[in-house]
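Have a look at the structure below, then the notes.
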Amino acid sequence: MHDWRTAGLIKPSVLKPLIATIEQTRIIKTMGQLSINDKNSLAIVIQTIFGQHIGQVSRTEL
């Protein structure tokens, strides 16, 4: 991730190609929010993993 400071993270991070489903009620704390560029990078990683077109994130999805 390039915008890790803007996302509210305490140190540089990477996107791991690990997909998991977590119940909303199990989320205790939000650590930050990805920038549009990092969301688009994540979409490309997911697209590569699943071999599908996910599309880029629009500003309205922030």
Side-chain angles (χ1 to χ4, degrees):
M1 291 180 13
H2 296 285
D3 303 323
W4 58 273
R5 283 188 181 106
T6 304
L9 300 174
I10 58 174
K11 59 183 179 179
S13 302
V14 296
L15 302 172
K16 293 182 181 182
L18 173 68
I19 306 297
T21 302
I22 301 172
E23 291 180 35
Q24 186 73 28
T25 57
R26 294 185 135 319
I27 298 173
I28 298 169
K29 177 182 174 185
T30 300
M31 296 182 70
Q33 185 171 352
L34 296 178
S35 69
I36 188 97
N37 291 333
D38 286 338
K39 284 182 181 183
N40 287 331
S41 294
L42 179 58
I44 291 168
V45 169
I46 292 170
Q47 177 182 348
T48 301
I49 292 169
F50 289 106
Q52 301 176 35
H53 176 69
I54 302 298
Q56 291 193 335
V57 177
S58 68
R59 289 210 172 269
T60 58
E61 294 178 288
L62 294 173

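L42 CG to I46 CD1: the interatomic distance, rounded to the nearest 0.5 Å, is 4.0 Å. Atom NZ of residue K11 and atom CG of residue L9 lie 10.5 Å apart, to the nearest 0.5 angstrom. Taken to the nearest 0.5 Å, the CD atom of Q33 stands 12.0 Å off from the CG atom of D3.
Other members of the hydrophobic cluster containing I22, listed by chain and number, are I27; membership follows side-chain contacts under 4.5 Å among ILVMFWY residues, whether direct or relayed.
Taking all atoms of both residues into account, the shortest heavy-atom contact from W4 to D38 is N-OD2, 4.4 Å.
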